[in-house]
Amino acid sequence: MEIKVCGMRELGNIQSLIAEVKADWMGLIFYPKSPRYVSEDRATELKGIAVKKVGVFVNETEVEILRKVGLFQLSAIQLHGNESAEFVKKLSEQTTSELWKVISVSEKIDWKSLAAYLPYVSKFLFDTATKAHGGSGRKFDWSVLETYPFDKGFLLSGGLDEESVEEIAALQRQIPQLEGVDLNSKFEDAPGLKNIEKLKKFKQKLLSQEAI
Ligand SMILES: O=C(O)c1ccccc1N[C@@H]1O[C@H](COP(=O)(O)O)[C@@H](O)[C@H]1O
């Protein structure tokens with residue numbers, strides 16, 4: 001299972017993530033209202049780092065997203081707002097970076113409304129619906145995913161922590177399209193600063209569960 005660690009911005013912290021956690025993806029949050037916001041002056045030092053970068057955007061313009069893709073060399077674009085399928089289609093015509101559409105879950109999911117995104121996204125990401133859009137540290141009721149109707153892979157997000165590992169592994173056995181997890185606020189010493197030991201423990205536990 002893939003691991004994305006989101007909301008990072010300190011070079012030393014990111015280097016430790018690469019060396020010790022070996023995460024598959026690292027998320028940079030470009031939503032100005034987030035306490036994990038990454039400003040443009042970080043671009044030069046974060047450009048060449050050896051981990052695939054995902055830019056997290058909330059209702060951002062196409063022009064600004066594409067500018068950040070170039071500036072930070074983003075391998076993927078995570079759309080964490082109310083972006084329409086039409087918007088995602090237009091973006092897909094202008095970039096080779098992967099597009100991930102976030103679905104904010106409150107109660108049931110209207111699977112039909114997601115079908116329009118399928119031709120343009122590499123994966124979906126399911127997160128807990130909140131006013132702040134993300135980073136809530138709260139889980140949603142994962143049982144809504146039991147009827148997931150598509151072959152397309154998705155990431156699970158929203159308040160995941162070390163205690164979640166058994167349930168994540170069980171969910172993946174039930175729904176193989178669950179291809180990864182997105183870790184954020186439950187692994188922080190401060191906003192934007194991740195606790196590497198906690199992340200290592202999570203990964204070890206996940207690997208041991210996957211072997212079962
Ligand atoms: O973390 C943020 O501040 C944030 C702000 C706006 C949009 C997305 C954000 N982060 C994303 O939120 C989810 C869940 O995080 P958590 O585990 O509940 O803290 C994750 O996908 C982050 O990419």
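Atom set for the values below is all heavy atoms of this structure, side chains included, hydrogens, waters and symmetry mates excluded. For reference, positions follow the sequence shown, starting with 1. Whatever order the structure lists them in is the order used to number ligands and atoms, beginning at 1.
- When only non-hydrogen protein atoms are considered, atom 12 (O) of ligand 1 lies nearest to Gly135 N, 2.9 Å.
- At a 4.0 Å heavy-atom cut-off, ligand 1 touches Ser157 through the side chain alone.
- Dense packing is recorded around CZ of Arg67, with more than 12 heavy atoms of other residues, nucleotides or ligands lying under 6.0 Å away.
- Here atom 18 (O) of ligand 1 lies nearest to Gly137 when heavy atoms of Gly137, Ser104, Pro35 are compared.
- Counting protein heavy atoms only, atom 15 (O) of ligand 1 is closest to Asn184 ND2, 3.2 Å.
- When each atom of ligand 1 is checked for a heavy atom of Tyr31 under 4.0 Å away, the hits are 6 (C).
- Using modelled atom types, one finds no donor on one side chain facing an acceptor on the other under 3.5 Å when comparing Ser16 with Asn13.
- In this structure, Gly27 has no heavy atom closer than 4.0 Å to ligand 1.
- Of the heavy atoms in Gln78, only side-chain atoms (C-beta onward) come closer than 4.0 Å to ligand 1.
- Taking the ring-ring contact (aromatic ring centres under 6.0 Å, His included) definition, one finds that Tyr37 meets it with nothing, sequence neighbours left out.
- Counting protein heavy atoms only, atom 5 (C) of ligand 1 is closest to Gly134 O, 3.7 Å.
- Residue contacts with ligand 1 for Ala132 involve N, CA, C or O but no side-chain atom from C-beta outward (heavy atoms, distance under 4.0 Å).
- The closest approach between any non-hydrogen atom of Lys186 and ligand 1 is not below 4.0 Å.
- Side-chain atoms of Thr147 and Trp111 form a donor-acceptor pair, as typed in the model, at a separation below 3.5 Å.
- The protein non-hydrogen atom at the shortest distance from atom 19 (O) of ligand 1 is Ser185 OG, 2.4 Å.
- The atoms of ligand 1 that sit less than 4.0 Å from any heavy atom of Asp127 are 12 (O), 13 (C), 14 (C).
- A salt bridge links Glu64 with Lys68; the closest basic N to acidic carboxylate O contact falls under 4.0 Å.
- Residue, atom and distance of the protein heavy atom nearest to atom 21 (O) of ligand 1 are Asp182 OD2, 2.5 Å.
- For the pair Arg9 and Glu45, the salt-bridge criterion is not met [side-chain N within less than 4.0 Å of a carboxylate O].
- The protein atom (non-hydrogen) at minimum distance from atom 23 (O) of ligand 1 is Cys6 SG, 3.0 Å.
- Residue contact check: Gly159 has heavy atoms under 4.0 Å from atoms 16 (P), 17 (O), 18 (O) of ligand 1.
- Within the 4.0 Å heavy-atom criterion, the part of Ile29 lying near ligand 1 is the side chain and not the backbone.
- When the heavy atoms of Ser136, Gly7, Ser34 are ranked by distance to atom 3 (O) of ligand 1, first place goes to Ser34.
- Ion pairing between a basic and an acidic side chain is recognised when a charged N comes within 4.0 Å of a carboxylate O; Glu10 and Lys194 show no such pairing.
- With a heavy-atom cut-off of 4.0 Å, Glu188 does not touch ligand 1 at all.
- More than 12 heavy atoms of other residues, nucleotides or ligands sit less than 6.0 Å from atom CD of Glu93.
- The aromatic ring centroids of Phe154 and Tyr148 lie less than 6.0 Å from each other.
- For the side chain to side chain donor-acceptor pair (under 3.5 Å) condition, the pairs that include at least one residue of residues 69-79, sequence neighbours left out, are Lys4-Gln78, Gln78-His80.
- Of the N and O atoms on the side chains of Glu2 and Trp25, at least one donor lies less than 3.5 Å from an acceptor on the other residue.
- Annotation: atom 11 (C) of ligand 1 to nearest protein heavy atom, His80 CE1, 3.5 Å.
- Of all protein heavy atoms, the one lying nearest to atom 2 (C) of ligand 1 is Arg36 NH1, 3.2 Å.
- At least one heavy atom of Lys4 sits under 4.0 Å from some atom of ligand 1.
- Of the inter-residue distances, the one linking Ser157 atom OG with Ile103 atom CD1 reads 12.5 Å to the nearest 0.5 angstrom.
- Using the six-membered ring where Trp is involved, Phe124 and Tyr117 have ring planes that are perpendicular, over 60° apart on the 30 and 60° scheme.
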